[in-house]
Amino acid sequence: MISSTHLSRRGFTKTTLFAGAALASRAISADTPPPRIRTGLIGCGSVSNQYLPQLTNSPFVEVVSLCDIKPERAQRQAEKFKVAHHYPHIDAMLAGEPFDFLIDTTDMQEHEKINRRALESGKHVWSEKPIANTLAAGQELLRMAQAKKLRLWGAPITVQSPQFVFMAKTLAAGKLGRVAAAHADYGHEGPNWSAFFYEKSGGSMPDLAVYNLTSLTGLLGPVKNVSAMLSIVTAEREIRDRGTIKVTEEDNAQILLDHGGGVLSHVQSGFNYFNPNGHDGSKESRHTISIVGSGGFMGLVGYDWQPLGVDLATKESPNLERHVVDAQGYVWQQGASLAAECLATGKELLVTPEQALHVLEIITAARESSATGQRVALTSTFKWPVVS
Ligand SMILES: NC(=O)c1ccc[n+]([C@@H]2O[C@H](COP(=O)([O-])OP(=O)(O)OC[C@H]3O[C@@H](n4cnc5c(N)ncnc54)[C@H](O)[C@@H]3O)[C@@H](O)[C@H]2O)c1
């Protein structure tokens with residue numbers, strides 16, 4: 001036990017932050033490096049190749065186990081990233097090498113059940129999007145986490161980019177005048193490695209629109225009402241290892257959002273978009289998000305998950321000028337590593353589970369609106385502004 005009277009200011013701050021963190025039981029001195037969070041990752045497919053280099057290079061993470069229902073994938077990643085333990089099922093993983101933090105990179109439809117199992121077992125959770133399949137199930141998971149003093153977060157992390165912060169501060173400073181409208185879009189020709197993207201509770205919205213919905217709700221505030229039209233453009237797809245599958249969830253989405261106060265925005269996503277740059281975010285140079293008001297225009301250069309700058313024109317300075325061309329260390333793959341840093345040091349993120357669940361409600365409301373032809377009122381909200 002360390003008495004606060006014997007601590008330097010730095011040591012006291014650090015200890016106080018630790019007290020706020022869920023893993024705070026370990027007392028530290030000013031010179032002790034923060035603990036590495038014992039971490040397990042479940043779902044060793046495509047995106048694990050993006051997460052694991054970040055995690056294994058993070059000073060706040062010790063990856064102790066991997067899991068995949070296709071055991072050869074867990075074994076391959078364990079060998080490649082030098083992880084000591086790998087398992088073919090979540091039950092075996094939870095009963096095996098102890099860990100504190102689970103990263104869920106499985107199929108979109110699996111997250112809810114896996115996240116619940118992890119929280120029930122006392123693990124903090126970082127989940128790929130979505131955290132759950134419905135708002136009610138997601139809120140129940142969040143309540144469970146809070147009751148157990150555990151943390152739950154969900155991708156994506158677009159609000160962490162310096163370009164997002166610049167846009168949020170520009171809006172807060174009133175530089176666009178009375179804000180009226182925004183548009184955002186993201187699409188490509190669709191993944192060909194897994195069927196879940198095209199099956200019930202999949203689709204382009206939870207996979208792609210989710211980035212724009214996180215950015216626009218982060219910039220313009222929580223949404224009051226949603227209207228949407230969804231369609232299936234390509235009825236059958238060729239999927240590696242599966243052959244021809246039927247597409248049963250939308251692959252083409254147009255979503256209208258009412259943020260209140262007269263502010264309207266529009267998000268467009270799909271799996272049928274010609275894109276000369278494929279998935280390579282660094283080559284996209286057009287505005288994928290634009291916001292306009294009575295006194296100015298702002299365009300995000302490139303995708304919001306890997307932005308390259310922000311173009312701004314105002315009445316005072318009407319020629320479009322580019323700002324924030326430096327990523328300042330931000331990469332979209334770092335969400336789970338940032339969450340581990342939060343667990344280790346108490347440093348908070350701009351990403352919140354409440355916003356992720358609000359975005360999930362927009363997606364399920366868009367499905368309902370398209371099916372019924374009605375505008376759908378939302379019930380959830382989150383703390384806004386995101387950047388103060
Ligand atoms: N691939 C990308 O570039 C990318 C980028 C950002 C986000 N994401 C998100 O990451 C998630 C995974 O996508 P992906 O492209 O890696 O898919 P994937 O199909 O390549 O990988 C998913 C893996 O999860 C495993 N899995 C499924 N159910 C499981 C279970 N119950 N227990 C253990 N393992 C299970 C599968 O066997 C597979 O290996 C999705 O939510 C997707 O939206 C993917």
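Heavy atoms only: backbone and side chains are in, while hydrogens, waters and symmetry mates are out. Whatever order the structure lists them in is the order used to number ligands and atoms, beginning at 1.
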key: Ring-ring centroid check Tyr186 Tyr303, cutoff 6.0 Å   = yes
request  = Compute the centroid of each ring, for His358 and then for Phe382, and state whether the two points are separated by less than 6.0 Å.
outcome  = yes
request  = Indicate yes or no: does an N/O atom of Trp193 lie under 3.5 Å from an N/O atom of ligand 1?
outcome  = yes
message = With a 4.0 Å cut-off on heavy atoms, is His111 in contact with ligand 1?
response = yes
query = If you group Ile, Leu, Val, Met, Phe, Trp and Tyr whenever their side-chain heavy atoms sit less than 4.5 Å apart, what else falls in with Leu308?
reply = Val301
message = Need the ligand 1 atom indices (1-based, order shown) with element for anything under 4.0 Å from a heavy-atom of Gly45.
response = 16 (O), 20 (O), 21 (O), 23 (C), 39 (O)
query = Within less than 4.0 angstrom of ligand 1, does Tyr211 place any heavy atom?
reply = yes
task = Using distance alone, determine whether Gly43 and ligand 1 share an N or O pair under 3.5 Å.
result = no
ask   = Please state which protein non-hydrogen atom is closest to atom 26 (N) of ligand 1 and give its distance, to 0.1 Å?
value = Ile69 CG1, 3.7 Å
inquiry  = So, 4.0 Å and heavy atoms of Asp207: is ligand 1 close enough to count as a contact?
reply    = yes
query = If you look only at pairs with a residue in residues 263-285, which of them pass as a salt bridge (Lys or Arg N to Asp or Glu O under 4.0 Å), with sequence neighbours excluded?
reply = Asp280-Lys283, Glu284-Arg286
ask   = When clusters are formed by joining ILVMFWY residues with side-chain heavy atoms under 4.5 Å apart, either directly or through shared neighbours, do Leu41 and Val331 land in the same one?
value = no
